[in-house]
Amino acid sequence: MAQEDFSFFHPLRVRWAEVDMQGVVFNAHYLAYFDVALTEYWAALTGARNAGGDGVFEHMYVVKSVIDYHASARFDDTVDIGVRIARMGRASMTCHFEIHRGGEHLITGETVYVHAVDGKSASFPDAFRAKVTEFEKTQPTSL
């Protein structure tokens, strides 16, 4: 994947509370960074700041997260977090994330979400699929 594959990036400045004794971002914070960027992605994609706020979804659940570490972000770095929907199934989707500091690729991540209504997986609405198709530069694959 390359930066050019992403239609959306969110800038974030690393705060002191997010670094460890070595002065680098503690590994678990990268998942929080993904979540912050995803919130902004939803706002750009749907006009709502969460998956349930637009009236299209009831609930989205994380079922898998993967992080690949290439290099570390440090205190006071400004990083850019890329978000894209890479795969869409009937009721699940995979979001890809990349974190960059300038031209340096620091982190690659993937999170799988399941859409549910009344506690059971449910198909994504066609209106949502259309928004994704229109928004993404690189179209998601189907599961």
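Predicted model only: the values in this text are computed from it and were never measured.
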Decide yes or no for [X] and [Y]: does some side-chain heavy atom of the first lie under 4.5 Å from some side-chain heavy atom of the second?
X: K64; Y: V66; answer: yes
X: K131; Y: T46; answer: yes
X: H10; Y: Y41; answer: no

Is there a salt bridge (Lys or Arg N to Asp or Glu O under 4.0 Å) between E110 and R87? Walk through the geometry before answering.
CA-CA 11 Å; E110 175 181 289; R87 286 189 287 267; 3.4 Å; yes

Counterpart residues, side-chain hydrogen bond (donor to acceptor under 3.5 Å, both in side chains), relative to H100 (two or more places apart)
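With neighbours one apart ignored, the set is E98.
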
Applying side-chain hydrogen bond (donor to acceptor under 3.5 Å, both in side chains), name anything that partners T133, two or more places apart in sequence or on another chain.
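Applying side-chain hydrogen bond (donor to acceptor under 3.5 Å, both in side chains) to T133 gives none.
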
Go through the steps to decide whether F128 and H115 satisfy the test side chain to side chain contact (heavy atoms under 4.5 Å, CB included), and finish with yes or no.
CA-CA 12 Å; F128 174 71; H115 174 234; over 6 Å; no

Go through the steps for D5 and R84 under the test side chain to side chain contact (heavy atoms under 4.5 Å, CB included), then give the verdict.
CA-CA 8 Å; D5 291 331; R84 66 180 289 268; 4.3 Å; yes

Applying the 4.5 Å side-chain criterion to the ILVMFWY set and letting contacts propagate, would [X] and [Y] be lumped into a single cluster?
X: L31; Y: V36; answer: yes
X: M60; Y: V62; answer: yes
X: M93; Y: I67; answer: yes
X: V132; Y: F124; answer: yes
X: Y69; Y: I99; answer: yes

Short question: side chain of [X], backbone of [Y] - any donor-acceptor pair under 3.5 Å?
X: S7; Y: F135; answer: yes
X: S92; Y: M88; answer: no
X: H105; Y: I107; answer: yes

Going through the checks in order, is the side chain to side chain contact (heavy atoms under 4.5 Å, CB included) test met by T94 and T111?
CA-CA 6 Å; T94 302; T111 302; over 6 Å; no

Donor-acceptor list for residues 16-24 side chains, cut-off 3.5 Å, not counting sequence neighbours:
| residue | atom | partner | partner atom | Å |
| --- | --- | --- | --- | --- |
| E18 | OE1 | R15 | N | 2.9 |
| E18 | OE1 | Y33 | OH | 2.6 |
| E18 | OE2 | R15 | NE | 2.7 |
| E18 | OE2 | R15 | NH2 | 2.2 |
| D20 | OD1 | Q22 | N | 2.9 |
| D20 | OD1 | G23 | N | 3.3 |
| D20 | OD1 | V24 | N | 3.3 |

Which atom of [X] lies closest to which atom of [Y], heavy atoms considered:
X: I85; Y: L45; value: CD1-CD2, 4.5 Å
X: A91; Y: S121; value: CB-CB, 4.0 Å
X: H70; Y: T108; value: NE2-OG1, 2.8 Å
X: R90; Y: A122; value: NH1-C, 3.7 Å
X: F6; Y: V83; value: CD2-N, 3.3 Å

Without placing hydrogens or testing angles, list every side-chain donor-acceptor pair under 3.5 Å for residues 71-82, not counting sequence neighbours.
| residue | atom | partner | partner atom | Å |
| --- | --- | --- | --- | --- |
| D76 | OD1 | R13 | NH1 | 3.4 |
| D77 | OD2 | R74 | N | 2.8 |
| D77 | OD2 | R101 | NH1 | 2.6 |
| T78 | OG1 | R13 | NH1 | 3.3 |
| T78 | OG1 | R13 | NH2 | 3.2 |

In Å and rounded to the nearest 0.5 Å, what is the OG1 to NE2 distance from T138 to H96?
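Interatomic distance, T138 OG1 to H96 NE2, rounded to 0.5 Å: 11.5 Å.
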
Distance, nearest 0.5 Å, that separates CG of D68 from OH of Y30
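The OH atom of Y30 is 12.5 Å from CG of D68, to the nearest 0.5 Å.
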
Taking ring-ring contact (aromatic ring centres under 6.0 Å, His included) as the definition, give me every residue that meets it alongside F34, ordered by chain and number, with sequence neighbours left out.
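Expected list: F97.
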
Sequence neighbours excluded, which residues qualify as ring-ring contact (aromatic ring centres under 6.0 Å, His included) partners of Y113?
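Y113: no ring-ring contact (aromatic ring centres under 6.0 Å, His included) contacts found.
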
Is it true that, when you exclude K137 itself, more than 12 heavy atoms of the residues, nucleotides or ligands shown sit nearer than 6.0 Å to its NZ?
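Yes, NZ of K137 has more than 12 neighbouring heavy atoms, counting only those of other groups under 6.0 Å.
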
